[in-house]
Amino acid sequence: DGPCVVKPLGGGSSVGVTLFKERAGSDMSAVREAVAVALQDGSGALIEQFIDGTEITCAVLGEGIGAQTLPVLEIVPQSAGGFYDYEAKYSQGGSLHLHPPRLPQSVVAEAQKHALAIYRALNCRGVARADFIVDESGTPYFLEINVLPGMTEMSLVPDAARVQGLQFPQLLEFLIESAAKK
């Protein structure tokens, strides 16, 4: 009944996502339409509470106990609506990836701890990226984990790797070697 986000269970790149930053009220036709859009990819739909805040992401590399987080990036869409949609992700200048995030270090460390725990709990390997929204009180809310994150020159994982001192060819070499071990 309050502000919400409607999104497909599958897919990615924010395709099929609709934000309702205000309460939908008694007219639910817009929400029903958003659910129909989300269902178009055939994976199902999810309706979750909309949380206003700072979007951050934390990539994790490796496997099991040896997995490690990369530096956390703050995502700042440059569109008027401030949503990290398909255009913001794949258009030159569509978003800024800030390091360090404009958040207290304790919040960043908590997000990294959660990202690593989620990665390990799901038995991920290679690379995955955990996304969070940090509300005004400083609480990071886990949104999703992306097990096939983008690897373009504008993507978040290569940017986080660069902050860590890992250049793109080194990142690819690590991922190829990791895959070859299985």
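Predicted, not measured: the structure shown is a model, and the values here were computed from it. Computed over heavy atoms, backbone and side chain alike; hydrogens, waters and symmetry mates excluded.
A donor-acceptor pair is defined here as one N or O able to donate and one able to accept, closer than 3.5 Å; such a pair exists between the side chain of Ser155 and the backbone of Thr152. A distance-only check finds no donor-acceptor pair linking the side chain of Thr18 to the backbone of Val6 [under 3.5 Å]. A donor-acceptor pair is defined here as one N or O able to donate and one able to accept, closer than 3.5 Å; such a pair exists between the side chain of Tyr119 and the backbone of Gly62. No donor-acceptor distance shorter than 3.5 angstrom exists from the side chain of Thr139 to the backbone of Asp135, with no hydrogens or angles considered. In this structure, Ser95 contributes its side chain and Pro77 its backbone to no donor-acceptor pair below 3.5 Å. Although no hydrogens or angles enter the test, the distance criterion places no donor-acceptor pair under 3.5 Å between the side chain of Glu177 and the main chain of Phe174. For the pair Glu74 (side chain) and Leu98 (backbone), a donor-acceptor distance under 3.5 Å is absent.
Tyr86 OH: 12 or fewer foreign heavy atoms inside a 6.0 Å radius. The environment of CD in Glu33 is sparse: at most 12 heavy-atom neighbours from other residues, nucleotides or ligands sit within 6.0 Å. The number of heavy atoms from other shown groups lying within 6.0 Å of CD (Glu110) is above 12. The environment of Gln68 atom CD is sparse: at most 12 non-hydrogen atoms of other residues, nucleotides or ligands sit within 6.0 angstrom.
Contact record, Leu171 with Ala161: CD2-CB, 4.1 Å, taken as the closest heavy-atom pair. The shortest heavy-atom contact between Cys58 and Gln112 is SG-CG, 3.7 Å.
Cluster annotation: Val147 is not connected to Leu116 through the hydrophobic network of ILVMFWY side chains, with a link wherever side-chain heavy atoms come within less than 4.5 Å. Met28 and Ile47 end up in the same hydrophobic cluster when Ile, Leu, Val, Met, Phe, Trp and Tyr side chains are linked at under 4.5 Å. A single hydrophobic cluster is not seen to contain both Val76 and Val72; linkage of ILVMFWY side chains at heavy-atom distances under 4.5 Å, directly or through other members, places them apart. At a threshold of 4.5 Å between side-chain heavy atoms, the hydrophobic network of Ile, Leu, Val, Met, Phe, Trp and Tyr places Leu122 and Val127 in two separate groups. Tyr84 and Ile56 sit in two unconnected hydrophobic clusters of ILVMFWY residues. Membership requires side-chain heavy atoms under 4.5 Å apart, directly or through other members.
In this structure, Lys7 pairs ionically with Glu144, as a charged nitrogen and a carboxylate oxygen lie closer than 4.0 Å.
The structure places CD1 of Ile133 at 11.5 Å from CD of Gln49, a figure rounded to the nearest 0.5 Å. Taken to the nearest 0.5 Å, the OG1 atom of Thr54 stands 11.0 Å off from the CD1 atom of Ile75. Note: Ile145 CD1 to Phe132 CZ = 8.0 Å, rounded to the nearest 0.5 Å.
Between Lys21 and Pro3 the shortest side-chain heavy-atom distance does not fall below 4.5 Å. A heavy-atom distance below 4.5 Å is not found between the side chains of Thr57 and Val157. Put simply, the side chain of Met151 reaches to within 4.5 Å of the side chain of Leu172, judged on heavy atoms. Two residues are said to be in side-chain contact when any heavy atoms from C-beta on lie closer than 4.5 Å; Tyr141 and Val134 fail this criterion. Side-chain contact between Pro8 and Val17 is present, with at least one heavy-atom pair separated by less than 4.5 Å. The shortest distance between side-chain heavy atoms of Val31 and Phe20 falls below 4.5 Å.
Under the side-chain hydrogen bond (donor to acceptor under 3.5 Å, both in side chains) criterion, Asn146 pairs with no residue, sequence neighbours left out. Taking Ser14 as the reference, Lys89 meet the side-chain hydrogen bond (donor to acceptor under 3.5 Å, both in side chains) condition, with sequence neighbours excluded.
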- For His114 and Phe142, run side-chain contact (heavy atoms from CB on, under 4.5 Å): C-alpha distance rounded to whole Å, both residues' side-chain angles, the deciding distance at 0.1 Å, then the answer. CA-CA 8 Å; His114 292 310; Phe142 172 68; over 6 Å; no

- Item | side-chain contact (heavy atoms from CB on, under 4.5 Å) assessment of Arg129 paired with Leu156 | CA-CA 8 Å; Arg129 197 192 73 236; Leu156 293 157; 3.7 Å; yes

- Criterion side-chain contact (heavy atoms from CB on, under 4.5 Å) on Leu96 and Gln78, from CA distance to verdict: CA-CA 7 Å; Leu96 301 175; Gln78 298 299 289; 3.5 Å; yes

- Message: Using side-chain contact (heavy atoms from CB on, under 4.5 Å), reason through Leu143 and Val5 one step at a time and then give a plain yes or no.
- Response: CA-CA 11 Å; Leu143 299 176; Val5 179; over 6 Å; no

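Sorted by first then second residue, the salt bridge (charged side-chain N to carboxylate O under 4.0 Å, His left out) pairs that include residues 159-173, not counting sequence neighbours, are Asp159-Arg162.
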